[in-house]
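Side chains are part of it too, since the values below use all heavy atoms of this structure and drop only hydrogens, waters and symmetry mates.
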Amino acid sequence: DATKASLDEKEHVDEADKAVDEKAHHPPPPTSSDPAPPAWTTLFAARDPAQHRAAEARFLRKVDARLMPTLIFMYLLNFLDRSNLAQARQGTLESDLRMTGTDFNLATSIFFVGYLLMQLPSNVLLTRLRPSLYLAASCGLWGVVSACNAAAGTFPHLVAVRFFLGFAEAPFFPGAVFLMSSWYTRAELTRRVAWLYSGNALANMFGGLVGAGILGGMEGSLGIAGWRWLFIL
């Protein structure tokens with residue numbers, strides 16, 4: 001009797017295991033309450049790995065074309081606005097604002113005080129706001145603040161504007177890297193960061209030429225000094 005009971009129990013266990021296996025390999029058809037998967041997921045899953053790699057490459061090119069030119073151009077403007085004080089010095093900036101001694105060095109350095117103070121708050125804000133709005137607003141704001149340098153009548157005015165220019169420019173670079181890290185893998189990101197730095201190189205290439213053209217060609221135009229036109233433009 002004990003042997004027969006043991007065999008019956010084993011038979012019931014085998015039947016239960018068989019039922020579980022059949023359910024795993026042949027799941028029941030979806031009911032009306034179960035949403036059907038999108039057709040494109042089935043189509044994509046049916047493709048071979050070579051087709052997957054080709055589709056991923058096409059997608060990556062689209063992201064590059066949409067994201068990188070904009071970020072590179074913004075970085076070019078970012079670097080131009082922080083370095084144009086050195087170009088303005090070639091005009092009558094120091095004499096017009098009665099700058100002496102190390103005043104120019106102070107005006108240059110005060111920018112980085114505002115830049116450092118805004119780094120942490122800007123990174124916190126970036127996780128709470130859309131980058132498309134936050135970075136664009138930052139770019140527009142630093143353009144306005146940079147143009148305010150043209151209205152400086154005294155050296156303290158220039159120092160104040162430079163301080164707030166650092167505030168306005170601080171969100172861009174960490175924000176750009178954060179945005180790229182959301183779209184690229186670690187291996188893909190290294191090359192894109194190198195592309196981003198090309199904006200810095202372009203600013204160094206053309207910043208001096210633009211400054212020379214404005215200072216040389218617009219000095220005194222409409223009664224405005226050339227260095228003021230440099231900040232305005």
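- Every salt bridge (charged side-chain N to carboxylate O under 4.0 Å, His left out) that Arg89 has, sequence neighbours left out, goes to Glu94.
- Leu106 CG to Phe155 CZ: the interatomic distance, rounded to the nearest 0.5 Å, is 4.5 Å.
- Cys139 and Leu77 get closest at one heavy-atom pair: SG-CD1, 4.4 Å.
- Contacts of Ala187 classified as side chain to side chain contact (heavy atoms under 4.5 Å, CB included), with partners at least two apart in sequence or in another chain: Thr185.
- Between Phe79 and Tyr197, the ring centre distance reaches or exceeds 6.0 Å.
- Applying the side-chain hydrogen bond (donor to acceptor under 3.5 Å, both in side chains) rule to Ser132 yields the partners Arg130; only residues at least two apart in sequence or on another chain are considered.
- Within the structure, side chain to side chain donor-acceptor pair (under 3.5 Å) pairs that include any residue of residues 101-110 do not occur (at least two apart or interchain).
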**Request:** Could you give me the CA-CA distance, side-chain angles and deciding distance for Asp81 and Val145, then say whether side chain to side chain contact (heavy atoms under 4.5 Å, CB included) is met?
**Result:** CA-CA 9 Å; Asp81 279 359; Val145 175; over 6 Å; no
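- The two atoms that bring Pro174 and Gln119 nearest to each other are CG-OE1, 3.9 Å, heavy atoms only.
- Applying the ring pair (Phe, Tyr, Trp, His ring centres under 6.0 Å) test to pairs two or more places apart or on separate chains, those with a residue in residues 129-152 are Trp142-Phe172.
- Scanning all heavy atoms of the two residues, the minimum distance from Leu80 to Gly207 falls at CD2-CA, 3.6 Å.
- Cluster annotation: Leu120 and Leu179 are assigned to distinct hydrophobic clusters (Ile/Leu/Val/Met/Phe/Trp/Tyr, side-chain heavy-atom contacts under 4.5 Å, transitive).
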Show me the donor-acceptor pairs, under 3.5 Å and distance only, between side chains in residues 59-75 and residues at least two apart or in other chains.
{"unit_1": "Asp64", "atom_1": "OD1", "unit_2": "Tyr184", "atom_2": "OH", "d": "2.5"}
{"unit_1": "Asp64", "atom_1": "OD1", "unit_2": "Arg192", "atom_2": "NE", "d": "3.1"}
{"unit_1": "Asp64", "atom_1": "OD1", "unit_2": "Arg192", "atom_2": "NH2", "d": "3.4"}
{"unit_1": "Asp64", "atom_1": "OD2", "unit_2": "Arg192", "atom_2": "NH2", "d": "2.7"}

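- In this structure, Asn78 CG and Ser83 OG are separated by 9.5 Å, a value rounded to the nearest 0.5 Å.
- Linking Ile, Leu, Val, Met, Phe, Trp and Tyr whenever their side-chain heavy atoms come within less than 4.5 Å puts Leu126 and Met118 in one cluster.
- With values rounded to the nearest 0.5 angstrom, Ser122 atom OG is found 11.0 Å from Leu129 atom CG.
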Side-chain donor/acceptor pairs under 3.5 Å, residues 220-233, sequence neighbours excluded:
{"unit_1": "Trp227", "atom_1": "NE1", "unit_2": "Asp96", "atom_2": "OD2", "d": "2.8"}
{"unit_1": "Arg228", "atom_1": "NH1", "unit_2": "Ala150", "atom_2": "O", "d": "2.5"}
{"unit_1": "Arg228", "atom_1": "NH1", "unit_2": "Ala152", "atom_2": "O", "d": "2.9"}
{"unit_1": "Arg228", "atom_1": "NH2", "unit_2": "Ala152", "atom_2": "O", "d": "3.2"}
{"unit_1": "Trp229", "atom_1": "NE1", "unit_2": "Ser221", "atom_2": "O", "d": "3.0"}

Which pairs would a plain distance check flag for residues 156-167, meaning a side-chain donor or acceptor within less than 3.5 Å of a matching protein atom at least two apart in sequence or in another chain?
{"unit_1": "His157", "atom_1": "ND1", "unit_2": "Gly153", "atom_2": "N", "d": "3.3"}
{"unit_1": "His157", "atom_1": "ND1", "unit_2": "Thr154", "atom_2": "N", "d": "3.4"}
{"unit_1": "His157", "atom_1": "ND1", "unit_2": "Thr154", "atom_2": "OG1", "d": "3.4"}
{"unit_1": "Arg162", "atom_1": "NE", "unit_2": "Ala107", "atom_2": "O", "d": "3.3"}
{"unit_1": "Arg162", "atom_1": "NH2", "unit_2": "Arg82", "atom_2": "O", "d": "3.4"}

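- Ser198 places a side-chain N or O within 3.5 Å of a backbone atom of Trp195 that can act as its donor or acceptor partner.
- Between the CG atom of Leu209 and the CD1 atom of Ile214 there is a distance of 11.0 Å, given to the nearest 0.5 Å.
- Partners of Phe178 according to the ring-ring contact (aromatic ring centres under 6.0 Å, His included) rule, which considers only residues two or more places apart in sequence or in another chain, do not exist here.
- For Leu116, the side chain to side chain contact (heavy atoms under 4.5 Å, CB included) criterion is met by no residue, not counting sequence neighbours.
- Distance check, rounded to the nearest 0.5 Å: OG of Ser146 to CG of Asn84 gives 4.5 Å.
- The salt bridge (charged side-chain N to carboxylate O under 4.0 Å, His left out) test applied to Glu188 returns no partner, not counting sequence neighbours.
- Residue pairs that meet the ring pair (Phe, Tyr, Trp, His ring centres under 6.0 Å) test with at least one member in residues 83-108, sequence neighbours left out, do not exist here.
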